[in-house]
Amino acid sequence: ASGYLERRGNRPVVAERLPEIRLTGESATLDDRNALVRQLFEVRRTIEPAMSELAARRATDNERADIAELAARTTDHLDEFRAADRAFHTSIARACGNPLLQEVYGKTLVALFDSLELASLLYAEINRREVADIIATSTTAHRAIADALVAGRRRPTVAAVQAHLDDVERRMIDRLL
């Protein structure tokens, strides 16, 4: 069996692992990197607005404080930004209060942050200026998301998430070489 032990209540049960997400398809033959970015953002646009809305409704005071603190971090260094970015999005997933959604989203984050194709776009010397702009706009977007989420304002949270995803995807597809 390919399950794992998980505690539910006061007893262990064997739970099934979700299958590994494979981010390939017919479009991957055209341009693997752009196809991967599109696939990742399709998944993110499906999951993140709903997850963030749940977090705006369900997050504890401590989770809200953690989200605000992570959004307040600033850096110009890509490695530091990627670590803070992952922590920010992970904290929202945790705050949504749905462990299954958090697990599915966790697989998306693994694909996003462990992708060699994506890393090759972000770390390419030719993309340095645009990546710096992505870091700056993402930092601003994270603050807008956190401000709305911390205040429990669900619609503005969702709108901020959607605007952030649209901006980053557009920049990555249209401007990174």
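Legend: ring pair (Phe, Tyr, Trp, His ring centres under 6.0 Å) pairs involving residues 31-61, not counting sequence neighbours: none detected.
Under the 4.0 Å criterion applied to side-chain N and carboxylate O atoms, Arg38 and Glu42 are not assigned as salt-bridge partners. Arg129 has no carboxylate O lying under 4.0 Å from a charged side-chain N of Asp133, or vice versa, which leaves the two without a salt bridge. With salt bridges taken as basic N to acidic carboxylate O contacts below 4.0 Å, one links Arg175 and Glu130. The pair Arg170-Asp167 meets the salt-bridge criterion, with a side-chain N (NZ, NE, NH1 or NH2) lying under 4.0 Å from an Asp/Glu carboxylate O.
Scanning all heavy atoms of the two residues, the minimum distance from Ser120 to Arg33 falls at OG-CD, 3.2 Å. Nearest approach of Ala71 to Ala146, heavy atoms of both residues: CB-CB, 3.5 Å.
Residues meeting the ring-ring contact (aromatic ring centres under 6.0 Å, His included) test with Tyr105, sequence neighbours left out: none.
Distance check, rounded to the nearest 0.5 Å: OG1 of Thr74 to CD of Glu80 gives 9.5 Å. With values rounded to the nearest 0.5 angstrom, Ser52 atom OG is found 12.5 Å from Arg57 atom CZ. Within the model, atoms OG1 of Thr90 and CG of Asp66 stand 10.0 Å from one another, a figure rounded to the nearest 0.5 Å. To the nearest 0.5 Å, the span separating CD1 on Ile134 from CG on Asn127 amounts to 8.0 Å. Atom CD in Gln39 sits 10.5 Å away from atom OG in Ser115 (nearest 0.5 Å). Distance CG/Asp85 to OG1/Thr139: 8.5 Å, rounded to 0.5 Å.
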Given side chain to side chain contact (heavy atoms under 4.5 Å, CB included), test Glu63 with Thr60 step by step and report yes or no.
-> CA-CA 5 Å; Glu63 289 168 333; Thr60 66; 3.2 Å; yes
Side chain to side chain contact (heavy atoms under 4.5 Å, CB included), that's the test. Do Glu169 and Arg44 meet it? Break it down for me. CA-CA 10 Å; Glu169 180 183 23; Arg44 291 183 72 187; over 6 Å; no
Note to self: Would His89 and Leu109 count as a side chain to side chain contact (heavy atoms under 4.5 Å, CB included) here? Give the steps.
What the structure shows: CA-CA 8 Å; His89 289 285; Leu109 291 179; 4.2 Å; yes
request  = Check the pair Glu53 / Arg155 against side chain to side chain contact (heavy atoms under 4.5 Å, CB included), numbers first and verdict last.
outcome  = CA-CA 7 Å; Glu53 188 274 333; Arg155 285 187 185 152; over 6 Å; no
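Annotation for Asp76: atom CG does not count as buried by contact number, only 12 or fewer foreign heavy atoms lying within 6.0 Å. Within 6.0 Å of CG in Asp114 there are more than 12 heavy atoms belonging to other residues, nucleotides or ligands. Environment of CZ in Arg128: sparse, with no more than 12 heavy atoms of neighbouring residues, nucleotides or ligands closer than 6.0 Å.
In the hydrophobic clustering of ILVMFWY residues, with side-chain heavy atoms under 4.5 Å counting as a link, Leu101 and Ile67 come out together. Under a hydrophobic-cluster definition in which Ile, Leu, Val, Met, Phe, Trp and Tyr are linked whenever side-chain heavy atoms come within less than 4.5 Å, directly or via other members, Leu40 and Ile135 are assigned to the same cluster. In this structure, Leu122 is not a member of the same hydrophobic cluster as Val110, with clusters built from ILVMFWY side-chain heavy atoms closer than 4.5 Å. Val161 and Leu112 fall within a single hydrophobic cluster, where Ile, Leu, Val, Met, Phe, Trp and Tyr side chains are chained together by heavy-atom contacts under 4.5 Å.
Under the 30°/60° scheme for interplanar angles, the aromatic rings of His142 and His164 are found to stand perpendicular.
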